[in-house]
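One structure, pasted below without further comment.
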Amino acid sequence: KIVEQIKQPIAFEMDLFEQKFLLSMSSKVALLNRITTYIVNRKGKQMRPMFVFLVAKMVSNGEVNERTYRGASVIELIHTATLVHDDVVDDSNRRRGFFSVNALWKNKIAVLIGDFLLSKGLLLSIDNGDFDLLKIISIAVREMSEGELLQIEKARKLDITEDVYYEIIRQKTATLIAACCSLGAASVKPESTHVETMRKFGELIGMAFQIKDDLFDYGSAKIGKPTGIDIKEQKMTLPLIYVLNHASKAEKKWLINSIKNHNKDTRRVKEVIAFVKDNGGLDYAVEKMKQFQNEALQLLNTFPSSEFKSSLELMVNYVIDRKK
Ligand code: 2DE
Ligand code: MG
Ligand code: MG
Ligand code: MG
Ligand code: MG
């Protein structure tokens with residue numbers, strides 16, 4: 001299994017991280033513990049902490065330290081907070097194949113759980129007076145919030161441009177992966193140029209990652225999230241943006257009408273999905289995703305070979321090839 005192969009050079013670190021991460025979420029409030037236990041029992045692939053450890057080890061020839069662990073826990077706390085809030089914002093009842101927190105406990109509890117996890121992350125980041133970490137993470141939180149709001153402002157507009165789409169996904173998704181890679185490097189080589197190189201590397205992967213996520217909305221049985229919801233919510237993503245920009249006047253009218261007036265009608269959503277597929281929307285998005293992937297791989301190639309670099313290469317490819 002590819003994920004096991006990627007994890008192999010950081011297996012020890014990921015195990016220790018797991019223990020630290022669990023401790024980092026504890027609270028005196030029983031309801032909080034019940035819900036955070038629910039979340040960690042349905043954990044994802046933990047790609048973000050993997051990036052933190054792999055980058056740290058690549059730039060330092062295998063060394064990690066307390067700052068690396070703290071950074072990985074902070075990132076996973078913040079990431080968990082954003083997913084809990086994201087499902088409220090998107091009104092989504094599924095996450096990773098299970099009910100979302102808002103589906104089981106309602107929005108008000110989900111909002112507070114997210115706030116709690118966010119505060120835990122910020123507090124942990126200054127546990128050792130590590131203001132560099134606090135800064136990296138605070139910038140990521142600011143950008144994600146702005147990205148989500150930019151999406152609300154722009155992504156429902158049927159004339160949204162590709163550039164605005166890239167700005168949205170850079171802010172809402174790529175910044176956190178950029179933060180993973182830059183803080184991984186900063187934890188072991190704080191003064192080096194690797195910090196900025198790795199930030200850029202993470203940003204490029206993050207762009208590819210969100211394009212892939214948006215492609216999943218066009219269908220994949222395995223992902224554990226509903227498909228077609230972006231279209232139903234009239235959220236324009238790259239496949240649809242491309243097709244809208246290349247459709248004839250009549251087709252465009254039909255598309256807009258389908259999305260606008262029939263956006264709760266499953267049959268209409270299926271027709272839009274079919275049109276996007278038939279008109280090269282998915283192919284175009286895949287092509288763009290691969291461009292970001294290649295740029296990321298080029299940055300990686302400025303480093304000497306190591307098992308950590310090989311794992312990062314596998315991870316870049318996994319972001320694009322994953323089935324969920
Ligand atoms: C995923 O997009 C983007 C998530 C960013 C969420 C950030 C929020 C503001 P998707 P999926 C809500 C920041 C909140 C903090 C820091 C607590 O396409 O398909 O909706 O996985 O992702 O639902
Ligand atoms: Mg969502
Ligand atoms: Mg969202
Ligand atoms: Mg999505
Ligand atoms: Mg996602």
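We're numbering straight along the sequence, starting at 1. Both counts, for ligands and for their atoms, begin at 1 and track the order of listing.
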Do any N/O atoms on T173 end up under 3.5 angstrom from N/O atoms on ligand 1? no
Which of parallel (below 30°), tilted (30 to 60°) and perpendicular (above 60°) describes W254 and F275? tilted
Enumerate donor-acceptor pairs with a distance under 3.5 Å from any side-chain N or O in residues 11-19 to protein atoms, sequence neighbours excluded.
{"unit_1": "E13", "atom_1": "OE1", "unit_2": "K57", "atom_2": "NZ", "d": "3.2"}
{"unit_1": "E13", "atom_1": "OE2", "unit_2": "K57", "atom_2": "NZ", "d": "2.8"}
{"unit_1": "E18", "atom_1": "OE2", "unit_2": "K43", "atom_2": "NZ", "d": "3.2"}

Is it true that the side chains of N317 and E313 contain a donor and an acceptor less than 3.5 Å apart?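 N317 vs E313: no donor-acceptor pair found between side chains.
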Using a 4.0 Å heavy-atom cut-off, which part of L117 comes near ligand 1: side chain, backbone, both, or neither?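 No part of L117 is near ligand 1 at this cut-off.
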Would you say T82 and ligand 1 have an N/O pair spaced under 3.5 Å apart? no
When you compare ligand 1 with D213, is there at least one nitrogen or oxygen pair between them that comes in under 3.5 angstrom?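 Yes; the residue has a nitrogen or oxygen that sits under 3.5 Å from a nitrogen or oxygen of the ligand.
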Residues S100 and N102: side-chain donor-acceptor under 3.5 angstrom: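 Yes, N102 and S100 have a side-chain donor paired with an acceptor closer than 3.5 Å.
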Purely on distance, is any nitrogen or oxygen of D86 under 3.5 Å from one on ligand 1?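 N/O-N/O distance under 3.5 Å: yes.
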Within a distance under 2.8 Å of the Mg ion (ligand 2), the protein atoms of type N, O or S are D86 OD2, D90 OD2
Short list, please: which atoms of ligand 1 are under 4.0 Å from a heavy atom of V141?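 Going through ligand 1 atom by atom, the ones under 4.0 Å from V141 are 16 (C).
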Heavy-atom distance under 4.5 Å between the side chains of L83 and R96, does that happen here?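 A side-chain contact exists here, since the closest heavy-atom pair is under 4.5 Å.
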Over 12 foreign heavy atoms within 6.0 Å of CZ, F99: no
Proximal candidate to atom 13 (C) of ligand 1 [heavy atom criterion; set S145, G121, G114]: S145
Is there a nitrogen or oxygen of E148 sitting under 3.5 Å from a nitrogen or oxygen of ligand 1?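 Looking only at distances, the answer is no, because the N/O contact criterion of under 3.5 Å is not met.
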With a 4.5 Å heavy-atom cut-off, do L300 and K309 have their side chains touching? yes
Taking the side chain as every heavy atom from C-beta outward, state whether R67 and L133 have any atom pair closer than 4.5 Å.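 Result no, sub-4.5 Å side-chain heavy-atom pair not found.
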Using a 3.5 Å cut-off on N or O atoms only, is K172 in polar contact with ligand 1?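 N/O-N/O distance below 3.5 Å exists for this pair.
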Looking only at the side chains, is there a donor atom on one of E162 and Y284 sitting less than 3.5 Å from an acceptor on the other?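 Short answer, yes.
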Within the 4.5 Å heavy-atom criterion, are S27 and T36 side-chain neighbours or not? no
May I ask you to identify, for D217, whether its side chain, its backbone, both or neither come under 4.0 Å of ligand 1 on a heavy-atom basis?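 It is neither part, as no heavy atom is under 4.0 Å.
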Between Q298 and N301, do the side chains contain an N or O donor and an N or O acceptor separated by less than 3.5 Å? no
